[in-house]
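First up is the structure itself, then whatever we jot down about it.
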There are 2 protein chains.
Amino acid sequence: MLGTVQKVGEVLELFTREHPEWGVSEVAKALGIPKSSAHALLATLVQIGFLKRTREGRYRLGWRILALSQVLLSTSSWRMEARRAMEELVARFGETTHLAVLECGRVVYVEKLEGTRAVRVVNTGVGVELPAHCSAVGKVLLAFRPWEEVERIMAERGMPAFTPNTITTLDELRTELQAVRERGYAYDIEEVVPELCCVAAPIRDHTGEVVAALSLSVPFYRFQQLKEEYRRSVLEATRQVSERLGYMGEEAWTRSRWRS
Amino acid sequence: MLGTVQKVGEVLELFTREHPEWGVSEVAKALGIPKSSAHALLATLVQIGFLKRTREGRYRLGWRILALSQVLLSTSSWRMEARRAMEELVARFGETTHLAVLECGRVVYVEKLEGTRAVRVVNTGVGVELPAHCSAVGKVLLAFRPWEEVERIMAERGMPAFTPNTITTLDELRTELQAVRERGYAYDIEEVVPELCCVAAPIRDHTGEVVAALSLSVPFYRFQQLKEEYRRSVLEATRQVSERLGYMGEEAWTRSRWRS
DNA sequence: CCATGCGTTCGCCTATACGGAACAGACTGT
DNA sequence: ACAGTCTGTTCCGTATAGGCGAACGCATGG
């Protein structure tokens with residue numbers, strides 16, 4: 001709708017971990033707009049605190065972003081509920097757990113609890129974005145979205161292969177998501193990072209909508225032995241959290257759907 | 001400059017911990033703009049992932065914010081350096097330490113390390129915004145800014161009293177900041193929260209500019225005994241971090257300034 | 001059953017942001 | 001020392017994009 005605001009989104013999209021600092025000309029080239037337009041845009045973003053000018057006249061993300069993210073994290077009801085279940089999982093297995101959401105085609109970790117074992121998964125943190133087509137949480141979140149949306153997201157973000165196990169075609173993805181939807185959980189067996197496996201299951205709110213996915217991340221060699229137990233525990237945890245959020249359970253939910 | 005982008009800043013400012021959810025009409029009233037304009041603005045912000053629509057048609061902050069904050073946190077060089085010094089402080093005293101910056105008149109925690117003692121300061125987290133005119137970090141950060149900027153910030157944000165000790169007038173603040181600038185550190189003796197004291201000192205980068213403030217937060221009853229030692233340790237820590245960032249030290253810096 | 005609130009849509013009109021060109025300063029390699 | 005080429009910044013006319021008010025559909029509730 002509002003073109004100028006969309007530009008804001010595009011500009012901020014440029015600032016990544018790999019390229020955290022940009023100049024006016026660079027931004028202008030990247031977005032295909034005149035330097036003067038880019039200049040006005042960046043200057044205004046500095047004014048509202050989203051960007052910060054370095055002394056050399058270049059631009060970085062501003063700390064205002066942090067303040068906003070704090071408001072976000074402290075006002076999400078289901079995040080607190082999920083945290084309790086995650087603590088129990090960590091206490092039981094000593095493995096790292098994650099909570100993730102899907103928004104605007106991005107899968108983002110919104111909570112993490114690191115495991116307690118000497119060898120554990122540590123490559124992640126709150127706010128980290130990860131691929132939707134191969135991570136366990138990503139597949140869970142996609143599975144409960146309309147297929148057209150999934151197609152659109154894949155068209156936008158692509159399906160890069162990270163390991164030989166990564167799904168890279170839409171056909172494979174469709175059958176995988178179908179399976180995830182029926183089973184109610186998803187695996188990631190070395191599809192994103194070698195030696196790393198995950199199980200994930202959906203968390204639903206009182207309306208039955210999938211609002212987040214909870215996962216357990218385990219090194220490959222340990223995952224093999226206890227795969228079934230990990231799966232059961234994650235499913236149990238997500239069932240508990242969903243119930244606390246007012247979800248009535250699969251049967252009750254489908255029943256009430258029939259009635260309406 | 002760009003009016004539309006400024007509106008974005010104003011809108012996002014509305015979403016606070018106390019009032020995290022807004023409707024179109026509410027936003028329109030709060031900003032003094034027509035409903036239709038507010039609608040267009042909110043709809044676009046949803047599109048770029050900064051806001052999220054609830055099922056009831058209201059609006060909340062979107063998870064895109066989190067992804068951006070992650071980029072921000074993982075690309076700040078001096079934050080890593082400061083963290084090491086903070087770890088040493090925690091190891092020594094077992095008290096909570098904070099790292100804060102000033103941007104757009106806001107003081108925001110960008111790093112926190114919780115203490116290890118049974119009774120410790122825990123009321124805070126990364127991204128939390130706090131008052132500039134009474135917190136120790138706030139006073140340090142203000143002290144090294146031009147007085148006109150300080151006046152502007154106070155006019156914008158006000159000087160509310162949180163305890164009987166809070167500074168509430170510009171005159172008091174000016175003399176306090178003058179003292180902080182000369183001493184090179186600031187105290188907060190129950191000025192923000194009763195029973196809570198802090199010492200803070202500035203971190204400078206290679207150009208001599210104050211980029212952040214580091215503080216130690218201690219319960220009042222313990223602070224009394226070791227006040228001097230806390231102060232010395234914080235000053236030592238910030239001196240180390242500043243040096244690692246290429247700061248030449250007060251004397252060298254003023255000397256090089258004379259030459260130019 | 002009307003009154004009042006909500007979020008949303010439509011289209012006119014003008015304010016506004018776009019974009020080309022020109023400017024000032026910092027490097028760089030002759 | 002000096003042209004050449006990068007920066008970031010300023011200016012200003014024009015056309016387009018966004019602000020605005022009115023009308024819409026839908027709840028809710030007295």
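Here is the naming used below: chain letters follow the sequence lines, and residue numbers restart at 1 for every chain.
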Looking at A:E129 and A:V107, would you say the former's side chain and the latter's main chain have a donor-acceptor pair under 3.5 Å? no
Just so I know, are the side chains of A:L245 and A:R204 near enough to count as touching, which here means a heavy-atom distance under 4.5 Å? no
Using heavy atoms and a sub-4.0 Å distance, could you list which residues of residues 28-52 of chain A are near DNA chain C? By number, please. A:P34, A:S36, A:S37
Salt-bridge present (B:E209, B:R145; N to O < 4.0 Å): yes
Counting C-beta onward and ignoring hydrogens, is there a side-chain heavy-atom pair between B:R60 and A:T75 closer than 4.5 Å? yes
Looking only at side-chain N and O atoms, does B:R17 offer a donor or acceptor that is under 3.5 Å from a partner on A:S74? yes
Between protein and nucleic acid, restricted to nucleotides 14-17 of chain C and to nitrogen or oxygen atoms under 3.5 Å apart, what atom pairs and distances do you find?
residue: C:dA17; atom: OP1; partner: B:G3; partner atom: N; Å: 3.4
residue: C:dA17; atom: OP1; partner: B:T4; partner atom: N; Å: 3.4
residue: C:dA17; atom: OP1; partner: B:T4; partner atom: OG1; Å: 3.2
residue: C:dA17; atom: OP2; partner: B:G3; partner atom: N; Å: 3.4

Measure the distance from NZ on A:K7 to C1' on D:dT16 and round it to the nearest whole Å. 12 Å
Contact list please: residues 54-64 of chain A against DNA chain D, heavy atoms, distance less than 4.0 Å, in numerical order. A:G57, A:Y59
Under 3.5 Å: donor-acceptor pair, side chain of B:E26, backbone of B:G23: yes
B:R55 and A:D205 ion-paired at < 4.0 Å: yes
Consider side-chain contact (heavy atoms from CB on, under 4.5 Å). Of B:V180, B:V150, B:V210, which one does B:L141 pass it with? B:V210
Identified salt bridge (Lys or Arg N to Asp or Glu O under 4.0 Å) counterpart of B:E81 within the set B:R79, B:R83, B:R84: B:R84
Side-chain donor-acceptor pair under 3.5 Å between B:E182 and B:Q178, yes or no? yes
